[in-house]
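Take a look at the structure set out below.
Scope of the values below: all heavy atoms of this structure, side chains included, with no hydrogens, waters or symmetry mates.
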Amino acid sequence: MVRIITVTTDFGQKDSYVGALKGALLSVNPNAVIVDICNDISPGAIQEAAFILSGAYASFPPGSIHLGVVDPGVGSGRRAIIVETAKHTFVGPDNGLFSFALSRESIVKRVNITKSGYFNNPVSPTFHGRDIFAPVAGHLSLGVEAEAFGTVADSIVTLPVSLPLFKGGELSGTVIHIDGFGNIITSIKEPDMLLYFPGAQASQLTVETGSVKVKGLSATYSDTKEGSGVALIGSSGYLEVALNGGSCAASFNVKVGEKVRVTGERGE
Amino acid sequence: MVRIITVTTDFGQKDSYVGALKGALLSVNPNAVIVDICNDISPGAIQEAAFILSGAYASFPPGSIHLGVVDPGVGSGRRAIIVETAKHTFVGPDNGLFSFALSRESIVKRVNITKSGYFNNPVSPTFHGRDIFAPVAGHLSLGVEAEAFGTVADSIVTLPVSLPLFKGGELSGTVIHIDGFGNIITSIKEPDMLLYFPGAQASQLTVETGSVKVKGLSATYSDTKEGSGVALIGSSGYLEVALNGGSCAASFNVKVGEKVRVTGERGE
Amino acid sequence: MVRIITVTTDFGQKDSYVGALKGALLSVNPNAVIVDICNDISPGAIQEAAFILSGAYASFPPGSIHLGVVDPGVGSGRRAIIVETAKHTFVGPDNGLFSFALSRESIVKRVNITKSGYFNNPVSPTFHGRDIFAPVAGHLSLGVEAEAFGTVADSIVTLPVSLPLFKGGELSGTVIHIDGFGNIITSIKEPDMLLYFPGAQASQLTVETGSVKVKGLSATYSDTKEGSGVALIGSSGYLEVALNGGSCAASFNVKVGEKVRVTGERGE
């Protein structure tokens, strides 16, 4: 059986760390199929990693293992976990890294990784990715049950999520990510729009963030003329503000954390 | 049978997009072997992507599938295509992305991708890479015939190519790419040199672009002393201007689009 | 038998070069498992590549082939080599690229690659990665013996290593790498510390480089309060100076080559 293992880290691509982690994984299971989700997470940025992971994991086939190592607390008291859901398995530090993905899945098992027999010993206190998480993912991919790696975890760390707020006819949220195209991704999701502006025509809504103001929702980036702003529901279900043919974030100097407002007529 | 699928996109490596595309592909064919050509194409730069693809695809074994997604018109009217040549299959938007590669191959089939039964439904209007092209490439890699995905395409989009010009004893072209070493790659190819300067000694030719002027053609970068300019036919068959031990483009501030001139004595 | 082939180059990720190299490899052995160690080595930086390779290769399973192409002398007189050790095989230019890794291994065979029957002919004088090293690695992965590729090499190029110096109670070395987290990695290794400060308590040692001064050795990055400097033995066995929650190198403007001093009481 082929087992796919995805990798998400803040190791960057200029060092030996991603290679060492993959080598450790392949040393346990030389037949594992390893696929990078992202190794360029900003150093220690757990929330960013949680967002990136949540945008990719669900595209992988059921049975995939998602190894995430953004781990500023490596070697400290933070726990190491395996979380199994109906379709996917997550392995990494218990720091919230998987919480956005897990909020959409039904959790089947949570295990504290403690059985050092599965580790690369001696374990470096600064590189659990290579010495704990990669070998554990390797053994999971060979069919070892999650329970074998430790004891059941009563709870796991969950990152706070700031839900959009509806008040005075205005739906407000924040910018949660700027992608490589300069598209501005907000905390407002499609169901929020449907809930608070039920039956509204897409053309009746206005989206604002920083100095960008877009009237009407479009289906795709090229629905307006080149150089114009466009608001749409992106491929992960979040409200986005973009610029046809350019970087919206750069052009309007919008950054993560900026407020976003949606206004419009409520349908009947 | 192993089917290799190469990936060329402008998705960058800081987002979930490349991972999501690969996950969608592996969800169709978990045994596909995926190899990145480049995911750092400048956003929307079709011509750049066409050049990069044309420099790598031919090294892959016959039967390889080349998935290209640089797609500024995603969700608009632009068509989606499969092009099969004697040795390779190309899948992506019909925007010219494959035209440099195709100019060297004999086309066997051209198909408009229309059969939505092969897509990830519902298709996001902003992410055909994940929802159309990756699953189609996955099904192709499983042996589904190109014809199954739609109807025959009468024509496909081809990017204009500016051919070098020979006038008054001077061959002129343009800079088409600056590589990561700072080597300046020009639109002039080896056969152009042989055609316009037949029988010329390599030492008799002079190549100029911006403020760089190199007398004589070399075989390799280290044929001159360190810090000196060198002109040579590069590994993809284009005339290059480089600096032994440094970035020629940065040192002389040469950019894509700059004019290039070759002069010399014509052999007899 | 699965054969893993790692790839370490200075080709960058914006060009077709890494893709072309992998295509050439897969054209020889479509079943090879290719894993990137790093393709973002600074252009021509042999010493940097040797350090990165030495940090990752040993994590890969015995039998792995390590293809390294940082090759500023491509096409010149420099030799091409295969070096086999008890566990690993290295393929690339004979310029010292493998010497840090090899210093830890017992060499079994050294072969000058000369048999052009294994190459992609005609060989581009500027791209031996694609035309010589990748096909040779491919054939090695198919089980061809190293001897088949040429003649025994009497010696290979080894990079000079500046060993730490102990004088007047002070151990001095240099900064050899700054990693993506801004951690400062020094030429001083754990055994040097044990040799020159035998029996010393970790708390009795002081590490200085540039304007950073850290008292005491820690086990991991988060052992001090956020924003504080920390010195520790890193995951590859080198003494590191880091900042909990930030880039030490950027904060203190420390660069590769900077002096490092360790002082302390010698234990009894």
Closest heavy-atom contact between A:Ile52 and B:Lys14?
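Nearest pair, atom of A:Ile52 first, then B:Lys14: CD1-O, 3.4 Å.
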Between A:Ala56 and B:Ala20, what is the shortest heavy-atom contact and its length?
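So the two residues come closest at CB-N, 3.9 Å.
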[atom1]-[atom2] distance between [X] and [Y], expressed to the nearest 0.5 angstrom:
X: B:Tyr17; Y: A:Ile37; atom1: OH; atom2: CD1; result: 14.0 Å
X: B:Thr126; Y: A:Tyr221; atom1: OG1; atom2: OH; result: 4.5 Å
X: B:Ser16; Y: A:Phe51; atom1: OG; atom2: CZ; result: 6.5 Å

Within the structure provided, determine whether B:Phe11 and A:Asp179 are in side-chain contact (heavy-atom separation under 4.5 Å).
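No, too far: nothing below the 4.5 Å cut-off.
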Which atoms of [X] come close to chain A, meaning under 4.5 Å heavy atom to heavy atom: side chain ones, backbone ones, both, or neither?
X: B:Asp36; result: neither
X: B:Ser124; result: side chain
X: B:Val74; result: both

With side-chain contact (heavy atoms from CB on, under 4.5 Å) as the criterion, how do A:His177 and B:Asp15 come out once you've worked through the C-alpha distance, each side chain's angles and the decisive distance to 0.1 Å?
CA-CA 9 Å; A:His177 186 68; B:Asp15 288 299; 2.5 Å; yes
Closer than 3.5 angstrom, by distance alone: can the side chain of A:Ser59 be matched with the main-chain N or O of B:Ala24 as a donor-acceptor pair?
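The answer is no, because no donor-acceptor pair under 3.5 Å joins these two groups.
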Among B:Gly75, B:Ser27, B:Pro72, single out the residue with the greatest number of heavy-atom pairs under 4.5 Å to chain A.
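Maximum pair count with chain A is reached by B:Ser27.
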Only pairs of heavy atoms separated by less than 4.5 Å count here; which of B:Ile34, B:Asp10, B:Leu21, B:Val18 has the most with chain A?
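That would be B:Asp10.
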Chain B contacts, top residue of A:Asp223, A:Val35, A:Thr220 (heavy-atom pairs, under 4.5 Å):
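Counting heavy-atom pairs under 4.5 Å, the top option is A:Thr220.
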Do you know which of A:Ser42, A:Ser64, A:Ser54, A:Ser222 has the most heavy-atom pairs with chain B at a distance under 4.5 angstrom?
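Highest number of pairs under 4.5 Å: A:Ser222.
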Quick check on A:Leu232 against chain B: is it the side chain, the backbone, both or neither that has a heavy atom closer than 4.5 Å?
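Just the side chain, heavy atoms under 4.5 Å.
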